[in-house]
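Taking it in order: structure first as structure tokens, then the write-up.
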Amino acid sequence: MTIPFSAAEAQTSAVLVINAGSSSIKFALISCDSPQPIVRGEIERLGSAEATLNWRIAEDKQAEQILAQASHEQGFAAIVACLAPYQSMLKAIGHRVVHGGEDLQNAALIDADCLAILEANSALAPLHNPANIAGIEAAMAAWPTLPHVAVCDTAFHQTLPEMAYRYAIPDALYRDHGVRRYGFHGTSHRYVSERAAEAAGLSYQNSSWLVAHLGNGVSTCAVHNGESVDTSMGLTPLEGTVMGTRSGDVDPNLHGHLQRSLGWSLERIDTMLNRESGLLGLSGLSNDMRTLLEARANGHDGARLAIAVFCYRLAKSLAAMRCALPALDGLIFTGGIGEHAPDIRRETMAHLSWLGATLDDELNQQTVSGKSGRISSSTSTAIWVIPTNEERQIVLETLAVLAAIH
């Protein structure tokens, strides 16, 4: 194994970022002083005979490891072994957690009380929080002397005003059961809006942004003076605009209609809306925007429709988010689609000419493949492409927690 760092560099402090799912663990060891991962990897298919660990040191791919039938605990043991040469660098572990509810409004040191809060909010994210918790417990067993910090996707949106987060349903459902809009992708929205303010030479605490996070999951956000004031996702990540396999907003009575007309169960409807809809459902072909753009160019009508609906619904969502901002310093595209698909940016902005934001066609076409920059004309409202880095944001928030407790 080659360690491409000098002895001096090896003394740099680093945070290990963990994203644990039910059958996977993603990890990245990131220097406190640099956004580029020192080591990163992923364990896939935990609990199966096909479980594997793939990882890199910088850009140097390491040999795949077979971890047949490995549990979360055994997976973390393998990660510990990968990180053994860097053990002295480890300052803390930052955990991505999906749902902190109303209780975790900022990143938090993980202790018994924090774990209890995550458990209590598992009903709001039953596919994610239990897996996040399992990963936290296994990581705490692997690194018992290090501080562990929870960084929740929902935390950034806890600044939403009540008029933005409440549903027009009986009050008891909110008061007794927490049914409200929470929002997701918070680490991404915070990271790119702060980077855009820096790039524009503005104070983050005195600026206003529209953000479009476009990946397989899609959400928009209005950020004013460093705080989320509205966002498109709600109680769950299903609400909002069209996504890869998620429908986004539909008539709330669709559930009743499908049950009465087709005899579908709630489970069947839930699967359809989350896994069979969105770009995949509209196109009948794929949830991958790259595939759809190529298919559209070759005359595929389903791909044409899926892209048209995606861009129109995204523009409508951004228009709605504009209502939450007293001013607008710029619009930001980020995420896999937002960073790499200039056609989607152009077709979305075509619906938003009233914003006074005009793309520079040459800059729009050039700003791909991880490039960051302004893609609007110099006289228009600014449009930016800012590559997201949620892992780096987790590092920053983890360090802020450590600074606050020392």
Side-chain angles (χ1 to χ4, degrees), residues 15-30 37-57 59 61-83 86 90 93-100 110 115 118-119 121-122 124-143 148-154 184-188 213 215-218 236-238 243-246 270-271 274-275 278 280 287-288 335-336 388-395 398:
V15 172
L16 177 62
V17 176
I18 298 291
N19 182 358
S22 58
S23 61
S24 67
I25 304 170
K26 296 179 182 179
F27 64 97
L29 181 68
I30 301 175
I38 299 166
V39 180
R40 71 180 313 142
E42 180 174 10
I43 299 175
E44 299 180 289
R45 297 181 291 276
L46 280 169
S48 76
E50 293 78 33
T52 55
L53 165 62
N54 287 282
W55 60 298
R56 294 176 179 270
I57 299 174
E59 296 303 317
K61 192 175 188 301
Q62 305 299 299
E64 181 180 79
Q65 297 182 32
I66 306 300
L67 302 174
Q69 307 300 334
S71 63
H72 278 83
E73 291 78 7
Q74 291 166 324
F76 274 105
I79 295 171
V80 169
C82 293
L83 299 179
Y86 309 95
L90 268 177
I93 317 292
H95 295 267
R96 183 200 175 202
V97 179
V98 168
H99 219 305
I110 299 175
L115 282 172
L118 298 181
E119 290 275 10
N121 284 295
S122 288
L124 297 171
L127 299 179
H128 298 96
N129 269 35
N132 297 155
I133 293 166
I136 288 170
E137 292 175 339
M140 292 180 82
W143 291 282
H148 292 251
V149 173
V151 181
C152 297
D153 287 1
T154 52
F184 300 88
H185 294 144
T187 52
S188 178
H213 176 103
N216 193 48
V218 174
T236 76
L238 183 61
M243 306 178 216
T245 63
R246 299 180 195 135
D270 183 74
T271 297
N274 279 284
R275 302 183 185 280
L280 176 63
N287 65 313
D288 190 304
T388 194
N389 190 336
E390 294 173 88
E391 292 170 340
R392 182 62 180 168
Q393 185 61 38
I394 290 172
V395 170
T398 297

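Going from atom CG of Asn19 over to atom CD1 of Ile25 covers 10.0 Å, rounded to the nearest 0.5 Å. To the nearest 0.5 Å, the span separating CD1 on Ile133 from NE2 on His72 amounts to 11.5 Å. To the nearest 0.5 Å, atoms CD1 (Ile18) and CG (Asn132) are separated by 11.5 Å. Here Trp55 contributes atom CH2 and Lys61 contributes atom NZ; the two are 11.0 Å apart, rounded to the nearest 0.5 Å. With rounding to the nearest 0.5 Å, the separation of CD in Glu50 from CZ in Arg45 is 6.5 Å. A distance of 8.5 Å separates NE2 in His128 from OG in Ser22, rounded to the nearest 0.5 Å.
Side-chain N/O atoms of Asn54 and Glu42 include no donor and acceptor closer than 3.5 Å. Judged purely by distance below 3.5 Å, without hydrogens or angles, the side chains of Thr187 and Glu390 pair a donor atom with an acceptor atom.
Side-chain contact between Ile30 and Val15: absent, with no pair of heavy atoms (C-beta onward) separated by less than 4.5 Å. A heavy-atom distance below 4.5 Å is found between the side chains of Leu29 and Leu90. Side-chain contact between Cys82 and Gln62 is absent, with no heavy atoms from C-beta onward closer than 4.5 Å. Within the 4.5 Å cutoff, the side chain of Leu118 has heavy atoms near those of the Ile136 side chain. Between Ile43 and Phe76, every side-chain heavy-atom pair lies at or beyond the 4.5 Å cut-off. Counting heavy atoms from C-beta on, the side chains of Val17 and Phe27 never come closer than 4.5 Å.
Residues satisfying the side chain to side chain contact (heavy atoms under 4.5 Å, CB included) test with Asn287, not counting sequence neighbours, are Asn216, Thr245, Leu280. Take Asp153 and apply the side chain to side chain donor-acceptor pair (under 3.5 Å) test, not counting sequence neighbours, and it matches Arg96.
Ring geometry for His95 against His148 counts as parallel: the plane angle stays under 30°, on a 0 to 90° scale with 60° as the upper cut.
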